[in-house]
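So the structure is just underneath, and the comments pick up after that.
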Number of protein chains: 2
Amino acid sequence: MSAHVRAEDRECPLSTAMSYVGEWWTILILHDCFDGYTRFDQFEANIGLSSSMLTTRLKTLVDNGILAKRAYQERPVRHEYVLTDLGRSLRPILVAMAAWRNEQLAPSERAMVLVDTETGREVEPETIDPVTGLPVSDPRFAFRAGPAAGEEMRARYDVP
Amino acid sequence: MSAHVRAEDRECPLSTAMSYVGEWWTILILHDCFDGYTRFDQFEANIGLSSSMLTTRLKTLVDNGILAKRAYQERPVRHEYVLTDLGRSLRPILVAMAAWRNEQLAPSERAMVLVDTETGREVEPETIDPVTGLPVSDPRFAFRAGPAAGEEMRARYDVP
DNA sequence: CAGTATCCTGTCCGATACTG
DNA sequence: CAGTATCGGACAGGATACTG
């Protein structure tokens, strides 16, 4: 099974998420988008992938509803790629990934940080349960089969 | 460039994170680990990948310090794979990914959910700035070059 | 500039067979 | 049960050339 598998087949939200953002280039393109870049040549220069691969990845992202392709000029026609609402909702995933790596580094060793642009302060993000305020890494939290769980998923969580 | 590239080359924490957890099977194995599974045949059955691939992926995870391989019995020797501290610290990433997908579904459509095991309540995790309490998707947060930023990274964030 | 088309190599990965 | 070894097809992805 490769990345082309639509993970809905496995009815696992993790697999589905991976099918959207599980590829290297996809994450790097999204990173560019979150930083305000919108154009083909900007992606190409920032990321350093071949133009043919970039074409393919952008098409997938547009097909998946993560990016929207819009002409911003006619004659010659030029397009820009902007995040959709669905695309923007991926931000916590990218932030959590960058935060994971930065955690292992001393502040002075970090090449990229998240900042509060109103104060300039560096942010150290946390993924939490908003009800208790506890980090999700607390052992009291665990995955369980949900209402729409199929056979496999229920088997997995029956006394694991 | 493929997944084998050590992302430290690019000195971007996102790339580094991707080099650790950017592959499908890796995420699925980690999911199993977080759910308490530890053995080769359990991974094989739950995930449905070939044994040769599983061998390769487990080796990479052990080499990367995400899993530890321990003999839990001699004669015949049997191993188990358990999360290291570094491995456990990946949990927010998996949780953020599953949460992203579940957000798009009605509660009754969810196949797998995060729960507070002390109350049974479903958790809807959020990635936030602990200082202000705001979600990181708030537009006031942005990535910036950090102290250890190299040439490329600084160029990227000079008036982007 | 913003791509598309083609070629070629390396790698992913399932299938199968084998081992203690 | 817990893997290792080998084979072969499919595809990722770089390099290059071409187009409006």
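Here is how names work: the chains are called A, B, and so on, in the same order as the sequence lines, proteins then strands, and each is numbered from 1. These figures come from a predicted structure and were not determined experimentally.
- Here C:dG20 presents its C1' atom at 9 Å from CZ of B:R78, a figure rounded to the nearest Å.
- In this structure, CE on B:M153 lies 5.5 Å from CE on A:M112, to the nearest 0.5 angstrom.
- Using the six-membered ring where Trp is involved, A:Y20 and B:W100 have ring planes that are perpendicular, over 60° apart on the 30 and 60° scheme.
- Ring-centre distance between A:H31 and B:F143: below the 6.0 Å cut-off.
- One can place CE of B:M53 at 13 Å from P of C:dA15, the figure rounded to the nearest angstrom.
- Here B:H79 does not reach the OP1 or OP2 of D:dA2: none of its side-chain N or O atoms lies under 4.0 Å away.
- With hydrogens and angles ignored, no donor-acceptor pair closer than 3.5 Å exists between the side chain of A:S50 and the base of D:dT16.
- Following rounding to the nearest Å, A:K59 (NZ) and C:dA5 (C1') show an atom-to-atom distance of 16 Å.
- Between B:Y72 and D:dC1 there is no side-chain N or O to OP1 or OP2 distance below 4.0 Å.
- For the OP1/OP2 pair of C:dC1 and a distance below 4.0 Å, the side-chain nitrogens and oxygens of A:R39 include no atom meeting the criterion.
- A straight line from CG of B:L28 to P of C:dC13 spans 11 Å, rounded to a whole angstrom.
- Across all strands, B:F43 comes closer than 4.0 Å to no nucleic acid atom at all (heavy-atom distances).
- What separates CG of A:D41 from P of C:dG3 is a distance of 9 Å, to the nearest Å.
- Rounded to whole Å, the distance from CG on B:L58 to C1' on D:dA2 is 11 Å.
- Taking side-chain N and O atoms only, A:T55 has a distance below 4.0 Å to OP1 or OP2 of C:dT4.
- The listed nucleotides are D:dG13, D:dA15, D:dG3; the one nearest the side chain of A:E23 is D:dG13.
- Side-chain proximity of B:F40 to C:dA2, C:dT4, D:dA2: nearest is D:dA2.
- B:L83 places a side-chain heavy atom less than 4.5 Å from the side chain of B:F34.
- Straight-line distance from the CD atom of B:E80 to the C1' atom of D:dA2: 14 Å, rounded to whole Å.
- When atom types are taken as modelled, the side chain of B:R110 and the backbone of A:P147 share no donor-acceptor pair closer than 3.5 angstrom.
- Residue side chain A:S52 reaches the base of D:dA15 through a donor-acceptor N/O pair under 3.5 Å, judged by distance alone.
- In this structure, D:dG8 and C:dC13 make a Watson-Crick or G-U wobble pair, each of the two defining distances being under 3.5 angstrom.
- Rounding to whole angstrom units, CG of residue A:L54 and C1' of D:dG14 are separated by 13 Å.
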